[in-house]
Number of protein chains: 2
Amino acid sequence: MGRGWARHNAAVTVTGTAPPGVPAETTRARVERAALDLFTLRGFEQVTTDEVADAAGISRRTFFRYFATKADAVWGDFGAHVARLEELLAGTDPGRPVLESVCAAYVEVNDYAGTELPLLRERMLLILNEPALLAHSQLRYAEVDRVVARYVADRSGATPSDLVPRLVAATTRASATTAFEAWLADEHSALGDQLRQAFTELTRGFPGLVH
Amino acid sequence: MGRGWARHNAAVTVTGTAPPGVPAETTRARVERAALDLFTLRGFEQVTTDEVADAAGISRRTFFRYFATKADAVWGDFGAHVARLEELLAGTDPGRPVLESVCAAYVEVNDYAGTELPLLRERMLLILNEPALLAHSQLRYAEVDRVVARYVADRSGATPSDLVPRLVAATTRASATTAFEAWLADEHSALGDQLRQAFTELTRGFPGLVH
DNA sequence: AGGCTAGTGACACCCGGTGCCAGGGGGCAA
DNA sequence: TTGCCCCCTGGCACCGGGTGTCACTAGCCT
């Protein structure tokens with residue numbers, strides 16, 4: 001299937017009939033699902049944007065209007081995720097230690113409903129195992145780091161570009177990512193537990209390694 | 001200057017005459033220098049591989065034989081860097097605490113000679129500020145993380161895929177990167193000092209943030 | 001009806017990256 | 001010297017991600 005190709009179907013803008021009251025699946029959501037399925041099935045690099053677009057019943061050009069890059073189709077609405085983290089941080093108890101607040105916010109923002117977990121697993125498996133997606137992740141993490149560094153700076157009377165705020169942002173985020181990896185590796189573990197365990201190690205300075 | 005273009009010079013394989021005893025600059029080194037200069041001057045994305053190749057007096061095709069990707073031209077011989085870190089870790093005193101050994105190895109592997117610092121600065125400024133290079137960096141860091149995680153696992157009787165080894169690898173590396181950022185931001189600071197300061201904060205669990 | 005806007009598809013183009021083949025030069029043996 | 005081999009190189013066509021532009025259509029408002 002080459003670059004210029006006749007669409008073979010008259011663009012089904014909505015898939016089937018939505019239950020009354022439930023909004024019909026948006027085009028964006030449909031593309032996300034098609035992308036995730038294809039990428040999981042055959043690998044991120046092995047699937048072309050042409051194929052994803054085709055599977056979702058839109059043109060390649062339209063795909064790139066919904067998602068700036070091929071990788072973005074995997075990330076869902078990550079901006080909203082970051083915004084929620086920012087809100088959680090803004091609403092923390094000022095009497096609680098800074099570092100503890102950051103960790104708690106991370107745990108809470110990643111407290112997904114049970115029904116969302118399979119999707120999250122699929123997403124994260126792709127992101128952490130596909131080199132192209134792993135690379136892209138750094139750009140997304142940078143958004144998170146900025147938010148956390150700003151919070152730490154505000155609370156500790158520093159500026160977001162000082163060493164400690166940056167350091168807290170970078171290391172807590174690294175810990176969260178590692179917790180995700182551990183969660184993916186162990187089918188039966190709870191994401192929240194992995195996060196708490198990772199943060200405990202981090203904030204205590206890895207007590208088991210003093211030898 | 002389009003894709004197919006007549007080379008306008010008869011490939012100067014060596015730049016001028018090398019001082020006796022000193023090996024002539026290799027083609028690879030010449031390409032690296034050309035790439036770094038052009039990227040610094042006009043931005044990574046704004047320079048095409050065609051232009052870099054042209055500036056180095058080789059063809060585009062040959063450029064991609066020296067470097068797998070455009071980004072790799074910025075990273076010098078990073079593999080050797082990782083190998084050296086691995087050797088340093090292998091040669092650590094078994095009586096010293098694990099975490100301390102990792103940090104010390106990081107400091108030592110980044111102990112550059114004064115003459116190398118300007119080049120290092122240029123490289124790191126690009127890597128940390130150009131989105132495409134920042135993304136690529138994650139792939140390189142993964143190599144480092146594997147080495148560190150394996151070391152920590154060996155020393156602490158765990159496996160490299162356990163939480164703590166991964167966690168130490170991820171957080172020390174995040175700290176090192178943050179120290180690099182701080183070093184770049186402050187013209188007059190020493191890289192080693194920034195690294196030590198970052199590791200001190202990390203290993204003590206950010207003592208200033210208990211509030 | 002007429003006009004505005006938002007979403008879409010087609011198409012051409014740019015650029016990073018790759019497979020393939022055709023030289024070309026240097027070393028080595030006869 | 002001649003012939004052979006091998007490595008480095010350049011040219012070229014191709015793939016695929018990403019973008020600018022234009023034309024078309026469906027609504028929607030007046």
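Just so you know, these numbers use all the heavy atoms, side chains as well, and skip hydrogens, waters and symmetry mates. Within every chain, numbering begins at 1; the chains are lettered A, B, ... in the order of the sequence lines, protein sequences first and strands thereafter.
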Aromatic ring pairing [X]/[Y], orientation class (parallel under 30°, perpendicular over 60°, tilted between):
X: A:F44; Y: A:F39; value: perpendicular
X: B:F63; Y: B:F67; value: tilted
X: A:W75; Y: A:Y141; value: perpendicular

Between B:R140 and B:D145, is the closest basic N to carboxylate O distance under 4.0 Å? no

Answer yes when B:E108 and B:R84 have at least one side-chain N-carboxylate O distance shorter than 4.0 Å, and no when they do not. no

OP1 or OP2 of C:dT8 less than 4.0 angstrom from a side-chain nitrogen or oxygen of A:S59, does that happen here? no

N/O (side chain, B:Y66) to phosphate O (OP1/OP2, D:dT9) under 4.0 Å: yes

Expressed as a whole number of angstroms, how long is the span from [X]:[atom1] to [N]:[atom2]?
X: A:K70; N: C:dG16; atom1: NZ; atom2: P; answer: 18 Å
X: A:F44; N: D:dG16; atom1: CZ; atom2: C1'; answer: 12 Å
X: A:D50; N: C:dC11; atom1: CG; atom2: P; answer: 13 Å
X: B:Q46; N: D:dG18; atom1: CD; atom2: P; answer: 16 Å
X: A:H136; N: D:dG17; atom1: NE2; atom2: P; answer: 15 Å
X: A:L38; N: D:dG16; atom1: CG; atom2: P; answer: 14 Å
X: B:E45; N: D:dG18; atom1: CD; atom2: C1'; answer: 11 Å
X: B:F63; N: D:dG11; atom1: CZ; atom2: P; answer: 16 Å

Nucleotide of [options] approaching [X] most closely (side-chain heavy atoms):
X: A:R65; options: C:dC20, C:dT18, C:dG9; answer: C:dG9
X: A:T62; options: C:dG17, D:dG18, C:dG9; answer: C:dG9
X: A:R61; options: D:dG18, D:dT19, C:dC15; answer: D:dT19

What about A:R60: does its side chain form a donor-acceptor pair under 3.5 Å with the base of D:dG18? yes

So what does B:V47 touch, heavy atoms closer than 4.0 Å: a base, only the sugar-phosphate, or nothing? sugar-phosphate

